[in-house]
Amino acid sequence: MNDIRVRFAPSPTGYFHIGSARTALYNWLYARGRGGKFILRIEDTDEARSTVPSVRSIIKGLKFMGIKWDEGPLIVKNEKGEDEITSVGPCGPYFQAQRRNFYTQAVDTLLSAKRAYRCFCSHEELAAERKSQLESKGRVGYSGKCRDLSHAQISQLMAEGREPVIRFRVEEGRTVSFHDGIRGDISVRSDEIGDFVIMRSGGLPIYNFACVVDDHMMKISDVIRGEDHISNTPKQIMLYEALGWEVPRFTHLTMILDIDGSRLSKRSGARSLLEYADEGFIREAIVNYLALLGWATKDSRNIFSPDELEREFSLSRCGQSAAVFDNDKLLWLNAQHIKNLSGADIRRRASAVIKEAGMDKYPEERLTAAIEMEKEKIKKLTEIPEKIGFLFDSDFEDDADVKSRAADTVRIVAKLAKALESAEPFSGEKIEEKVRAFAKAEDIKTKDIFHPLRWALSGRSKGPSLFHMCAFLGKDEALQRIGGYIGRYGGSGGE
RNA sequence: GGCGCAUUCGUCUAACGGUUAGGACGCCGCCCUCUCAAGGCGGUAGUACGAGUUCGAUUCUCGUAUGCGCUACCA
């Protein structure tokens, strides 16, 4: 046992994207590797943007990746059998919107210690202030106008119905430093930071504040999050100090960029994690790829199972520069992992695409066998119907190159069909033996009969190993397909 | 504008200050082969720029450039 506790704290606004997925994964891998706890917390203090569907997609996405949280939100069935979102764990609730009293308490502490104050400035005043600061090319930040309002002034403004925000009083002239788990020592002068808002006029906390309160109350030992939070860290550290709380360790992960180097956008990388799942990427590949996006072993090894990642992963081996999301490599990894699965496993995972293609009417064993035969060609689960469909349905259209070359082969194929009738049992081995013997007897190159047979059987010039395919179809079906081929291209010449 | 963080093949990355700068994806070629794949072998391509420290910098320091982030009653 130890006291390693990490958390993944997404805000439920929009879909669960790749960057978040990686942050969650790294937190989880770190916890698993160190025997720590992984906590899921939903940062829904932005009432306007937070949505329940988004919470669901986060939960679904984490589950897809095989990430399990020790504490956090849970979807359970209520008495009526409907889904209901609750939380499990000793430090709950795990939704910030349900933790308002904790934030209020902490604000009161800060207020009475004069480390925070009420600010009545309007948006307009603030905007004007910012504008003039920008023009004078200096620091941009709150001027501290309301820092020393008297009780009388405050009462007066309150009486007027003005609702203040709460600002944190930043100490002047000091340097805030911390040791980042990936980047090392980072320090910033407090003078660069203006008194920032910690609570909105409506009484809801601002991220930097809620985050500190929660991380402390949830006993988080390591805060592992995106690089975009580096600049927030000094503010948070000042809050920890003002509240008299122990500061956790911080580690900032690099950003994930789009192929053109910009921030990940819809175009190439930044779709929802779930879209990748729907597109036929499997858990192992996504986890593997995400792990590699910002982390590497000393030997730059590529293929890792989730279990291996749990053992091998370490924050200290994470890189410090942004990574570009590369679909090609993800696709390659997906093919690698699919290849290592059994046909039955692939079939099970592809059940949705199989069903959608209307192929669920075929026996599972047949589907499994077909997939087994073709699995090293499957890059994505969604490719399965096109890869094996013709094995089940003989009503296919011949490929163009088959059409153009078929006519010359009809005579020899018809002759081969007769030879095949006596193949018993109709196994791959037996068929191969028959076909090779046939070629020898006819004094033709094996290729000149192999290819035509393939065309007759499948209507395409690429596909599974010929004899396995033939055996898979079975004698009746194979002969029938050959008959159809002869019918289509036989013309007047016939036999 | 200010501050912060970053910068090795197109991409992901490896390299106690001393390596012909390694691996992987992609691309190209060859081999294997009943096709397509898979696999094997080989090739392509990189230390942003400029100083400094050092016998020696990808590696340490500084500057420049570029990118990204924060500078919100977003997270």
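Proteins come first, then strands; the chains are lettered A, B, ... in the order of their sequence lines, and each starts at number 1. Keep in mind that this is a model prediction, so the values were computed, not measured.
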[N] versus [M] - spacing of their [atom1] atoms, nearest Å:
{"N": "G63(B)", "M": "G4(B)", "atom1": "P", "value": "10 Å"}
{"N": "U47(B)", "M": "U8(B)", "atom1": "P", "value": "10 Å"}
{"N": "C41(B)", "M": "C9(B)", "atom1": "P", "value": "25 Å"}
{"N": "C60(B)", "M": "C5(B)", "atom1": "P", "value": "15 Å"}
{"N": "U61(B)", "M": "U53(B)", "atom1": "C1'", "value": "7 Å"}
{"N": "C36(B)", "M": "A48(B)", "atom1": "P", "value": "42 Å"}
{"N": "G39(B)", "M": "C25(B)", "atom1": "P", "value": "8 Å"}
{"N": "C28(B)", "M": "G10(B)", "atom1": "C1'", "value": "15 Å"}

Rounded distance (Å) that lies between atom C1' of U35(B) and atom CG of D399(A): 11 Å

Rounded distance in Å - CG (L331(A)) to P (C12(B)):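 It is 18 Å, rounded to the nearest whole Å.
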
R460(A) to F396(A) six-membered ring, cation-pi geometry met (6.0 Å, 45°):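 Cation-pi check for R460(A) and F396(A): fails.
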
Lys/Arg cation over aromatic F313(A): R317(A), 6.0 Å, 45° cone: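 So R317(A) doesn't make the cation-pi contact.
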
All side-chain hydrogen bond (donor to acceptor under 3.5 Å, both in side chains) counterparts of E442(A), not counting sequence neighbours: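 Testing E442(A) for side-chain hydrogen bond (donor to acceptor under 3.5 Å, both in side chains), a comparison that skips the adjacent residues, returns K415(A).
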
Please determine, for [N], whether a Watson-Crick or G-U wobble partner exists with both distances under 3.5 Å, and give it or none.
{"N": "C3(B)", "value": "G69(B)"}
{"N": "U58(B)", "value": "none"}
{"N": "C30(B)", "value": "G40(B)"}
{"N": "U20(B)", "value": "none"}

Parallel, tilted or perpendicular, judged at 30° and 60°: which one describes the rings of [X] and [Y]?
{"X": "F178(A)", "Y": "H252(A)", "result": "perpendicular"}
{"X": "Y289(A)", "Y": "F325(A)", "result": "perpendicular"}
{"X": "F450(A)", "Y": "F467(A)", "result": "perpendicular"}

Does [X] make a side-chain donor-acceptor contact with the base of [N], cut-off 3.5 Å?
{"X": "N232(A)", "N": "A75(B)", "answer": "yes"}
{"X": "K377(A)", "N": "C36(B)", "answer": "yes"}
{"X": "T446(A)", "N": "C34(B)", "answer": "no"}

Under-4.0 Å side-chain N/O to phosphate OP1/OP2 contact, R200(A) with A75(B):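 Affirmative; the distance criterion is met.
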
Aromatic ring of H123(A) stacked on base six-ring of C73(B), 5.5 Å, 30°: yes

Separation of I378(A) CD1 from I384(A) CD1 (nearest 0.5 Å):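 The distance works out to 4.0 Å.
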
Sugar-phosphate, base or nothing in reach of Q336(A), heavy atoms under 4.0 Å: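 Sugar-phosphate: the residue Q336(A), judged by heavy atoms under 4.0 Å, touches backbone atoms but no base.
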
Sugar-phosphate or base contact per nucleotide [nucleotides 1-9 of chain B; S, B, -; heavy atom under 4.0 Å]: BSSSSSS--

Y94(A) side chain to D214(A) side chain, donor-acceptor N/O pair below 3.5 angstrom: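 Side chains of Y94(A) and D214(A): no pair found under 3.5 Å.
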
